[in-house]
Each structure stands twice: as structure tokens, then as C-alpha cells.
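What follows is one structure encoded as C-alpha cells, with my remarks underneath.
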Amino acid sequence: MGETSQTIVVAGGSLAGHTVVTELERHGFAGQIVWVRGREGTAPYSRPALSKELIQGKVTAETIRLPAPQPYGPRVRIMDGAVCARLDPHTDRVLVTRDLSSEEEWIDFDALFVCTGTRARVPEAFAGLPGVHSLRTLADAERIKERLAVRPRTVVVGAGLVGSEMAASLRSCGLPVELIVQGRLPMEAVFGAELGRFCLERHHANGVTTRLGTTVTALSSAGPEGPVTLTYDDGESSTADMVVLGLGAVTSCDWLDGCGLDLSDGLGCDEALRTARPNILAAGDVANWRHPLFGHRMRVEHWSNASAQARHAVESWLAGQEGRQPPAFADVPYFWSDQYGLKYQMVGHARGHDEVHVEEAGAGGYPFVTYLREGRIVAAAGVNAPRAVMRMKARIQADLTGDSTSEEVYAR
């Protein structure tokens, strides 16, 4: 498949980039693949494990590596410690630079897959402070883990998925933890108030102290061993041996500035994951596309979405090569979070919901929530209720498309 003279550049070395390369190899692409894997200089790994199993010592850096497609052909050129630094706005070529040297190279491409994902959001005033850590990369996680031997009192700032998981993991290691919740409840922006309250109760039951509705306005550090002083918007302050920031992420697509592409929130794509330049496609956290079922644009920063979008982006490119209309990417989003031995799961996209139903599901009788918009189910979430959550995926598909086949699957 594919012309032997063609060159495909894959920008990004996490799951989406890994999956694009794997799919191109699986489809027998006969040209050259240039895989620019990023600054980390390491083979791809399972990122969800960083805030959970790796911090808890249940896995190692080696055991979370993603399996390499075997064998990589001689046509796959892997560039570690390198990034795509600029896209030529007038021609199909990218500038690749290496951090540890002044080496740079322009690479011509027939297709470019942008899989550069996101990076941790760190306020400029907090960057580089000793004892203050963000968590996005394997190196970040290993630096945090090195500090655990001295059993530091830790303040986790931010209570989204990463912040809540980090608080749970550190408590599972027996460390004293305080969680700073900028909103009313942990994970409320993701799950809503019902599961947010449940999450807060679990943190308290496991010994985490919390500050609700609180923002950190300043950090100061006495050195790598601490203490770190935190100042809050209510005028109070506290100290910690270690601070972990869980303040969300920003998309890594600033290198595309000035190229005429939509960068208003990530990299704008059509329903088939193609940008305004059809030979440039996106997948993973960076991709902002119009979901054909939910009817609005979205970015989805979930592990399962990264691999699904990468496979679809390759299919879209292949369809274009063969003169076919590429299909729309219409997967119903799914993600999970493990905390204190409980598994939170969610399917669908709850943004803009106007109605919530709460019941119990699973052996533990934990909360199970469905989210509706204009009478249609758009999302569902539950705790330790995998069958109920996954059955709702078919129901959501049916409600949004009117597909009776999906309704029958749900009924079974």
C-alpha cells in the first residue's frame, strides 16, 4: 500500500503517534515513516499508570512500555529527543530540531500526522521551584517517586483526574496528603456534583484533608528538601515537604502558529480528523473535531480516544489516497480512574446536559449517574459498575442516532 516514494511524518511519541506508526505498518505502507518522538527521548509508555500504579510501586518504568511494532522496517526513521519546531506555511515540510544540540533539519512530507498531545499546565510563577512537581511524563513521575522515601507531607494542588488520583496514590503509600480543590468538589468538572460528593467522601474516609473552593496564589520554596510555603486566596498559608500540581493541561501545538490552521483549542479538524490542509491530520489530546453524534466540537484527553483517533486518522488518509470519502470519527468517548480500590468509569460527553438521574449499580451499590440533554442520554458514569457503564455506550449511540440495532444491544 502506498507509493514507495512517499514520506509520512508522525509528530509525537505517545500512544497516538505509536498507533499511527503501527497502523501504517499494518496496512503495508511502502514509503518512509519519520517518527519524531519528542523531547522525552524514550520509547512510548502507558501514561495512565503514572499517577496510579507507578507511584504506588506496583509497576516499573520498563513494564509500562508500549510494545513496539515488530519488526520496525528500515523505512521507519525514529527521531528521539527531537521535536517538530515549525511547519512551513507554504510547502509541505517541517523543521525538526534536537534539544541537546543545534542540529535541525527540514523534512518534506506527503502526509503529516500531528499527535503532539498536551503538556502540564504550570503557572509561570510556579515553574522550576524546588519541591514543586507537575505530572505529565515518566520523568515527572520518577522524580516524585524518588521523594517518597523520606515520606514527605504533600499538598496536591488541583482536584481533577490527575490531582485526585495522585492524592489517592500517595495516601495508599501511607503519606500525609492535603488536596486543594479550586471548585466545590473534586472531579466535579468531569463527573458533576453527584460523583464529586462521592469522591470527596472517599478522600476523607481515607485520611486526605481538603481545602474546598481555594486557589493557591503564591508558592515559595526553601530548597529541594523543602519546605514549600503555599499562600491561598483567603489569606491563609500552609507548608509542605512536596507540592504536586494537577492544574490540567495545555495543547502542544504552538509550533503550528502562523500556518493558517485553526489553533483556537488544540488543532481544528473536520469530522474525518483532517485539518484545513487535508494531508495534515490530527489524533489524540491535540485534536479538536466536530463529533457527528454530539453535534459540537470537542477535544477528548483520554487514553482510549488517542488510539481510536489514531487508527481513524490513518483510515482517513488511506481513503483520500484511494479517492474514497473518508468516514467521520464518531466513537463515544470513554475513560476510567482508579482510586482507593474503586474504578470510576464514564462513557459519552456530558457537556451541556440539562438533566441528571442518580441510582445505584454494581455489587457495592455505588452511585450510577446518567446525564441527559433535551431528553436524550448523552453520558453515563458509575463506580465499580463496569457492565452498567459499558451497556450505556450502546444506549447513548441509540439515543443520538435512533439506531434500533443499538437499542437491541442495550436491551440484552
Using modelled atom types only, decide if a donor and an acceptor are shared between the side chain of [X] and the backbone of [Y] within a distance under 3.5 Å.
X: T217; Y: T231; result: yes
X: W35; Y: G12; result: yes
X: T154; Y: P152; result: yes
X: R47; Y: L138; result: no
X: S316; Y: L273; result: no
X: R151; Y: C173; result: yes
X: D354; Y: E374; result: yes
X: S221; Y: P130; result: yes
X: T239; Y: T229; result: no

If only side-chain N and O atoms count, and only distance matters, is there a donor-acceptor pair under 3.5 Å linking [Y] with [X]?
X: S14; Y: Y45; value: no
X: T42; Y: R37; value: no
X: Y340; Y: H203; value: yes
X: S172; Y: Q56; value: no
X: Q309; Y: S307; value: no
X: S337; Y: E165; value: yes

Any pair with a residue in residues 256-265 that passes side-chain hydrogen bond (donor to acceptor under 3.5 Å, both in side chains), sequence neighbours left out, goes on the list, sorted by first then second residue, please.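 For residues 256-265, and leaving out neighbouring residues, the side-chain hydrogen bond (donor to acceptor under 3.5 Å, both in side chains) pairs sorted by first residue read D262-S264, D265-R299.
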Can you sort out the partners of [X] under side chain to side chain donor-acceptor pair (under 3.5 Å), two or more places apart, ordered by chain and number?
X: D92; answer: R277, N279
X: D331; answer: none
X: D140; answer: T137, R143
X: Q182; answer: none

Apply ring-ring contact (aromatic ring centres under 6.0 Å, His included) to the pair W303 and F335, showing each step before the final yes or no. CA-CA 7 Å; W303 186 250; F335 74 93; over 10 Å; no
A side-chain contact here means heavy atoms from C-beta on lying under 4.5 Å apart; do [X] and [Y] qualify?
X: I107; Y: R77; answer: yes
X: M392; Y: F368; answer: yes
X: L135; Y: L50; answer: yes
X: F191; Y: V369; answer: no
X: V156; Y: V177; answer: yes

Applying side chain to side chain contact (heavy atoms under 4.5 Å, CB included), run through R376 and Y371 and close with a yes or a no. CA-CA 8 Å; R376 292 186 171 186; Y371 310 80; over 6 Å; no
How about W336 and Y344: are their ring centres within less than 6.0 Å of each other?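 They do not qualify: ring centres at least 6.0 Å apart.
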For D233, what residues pass the salt bridge (charged side-chain N to carboxylate O under 4.0 Å, His left out) criterion, not counting sequence neighbours?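 Result, salt bridge (charged side-chain N to carboxylate O under 4.0 Å, His left out) vs D233: none returned.
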Is [X] salt-bridged to [Y], cutoff N-O under 4.0 Å?
X: R324; Y: E322; value: yes
X: E142; Y: K145; value: no
X: E188; Y: R197; value: no
X: D338; Y: K343; value: yes
X: R311; Y: E23; value: no
X: E355; Y: R373; value: no

Assess whether atom CZ of R39 is packed by more than 12 heavy atoms of other residues, nucleotides or ligands within 6.0 Å.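 No.
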Would you check, one step at a time, whether the test side chain to side chain donor-acceptor pair (under 3.5 Å) holds for R136 with T118? CA-CA 9 Å; R136 181 62 186 171; T118 58; 2.9 Å; yes
Which atom names give the shortest non-hydrogen contact between W255 and V114, and what distance separates them?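 That closest heavy-atom pairing would be CZ2-CG1, 4.0 Å.
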Parallel, tilted or perpendicular, as decided by the 30° and 60° cut-offs, for the rings of H296 and H349: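 The arrangement is tilted - the two ring planes meet at 30° to 60°.
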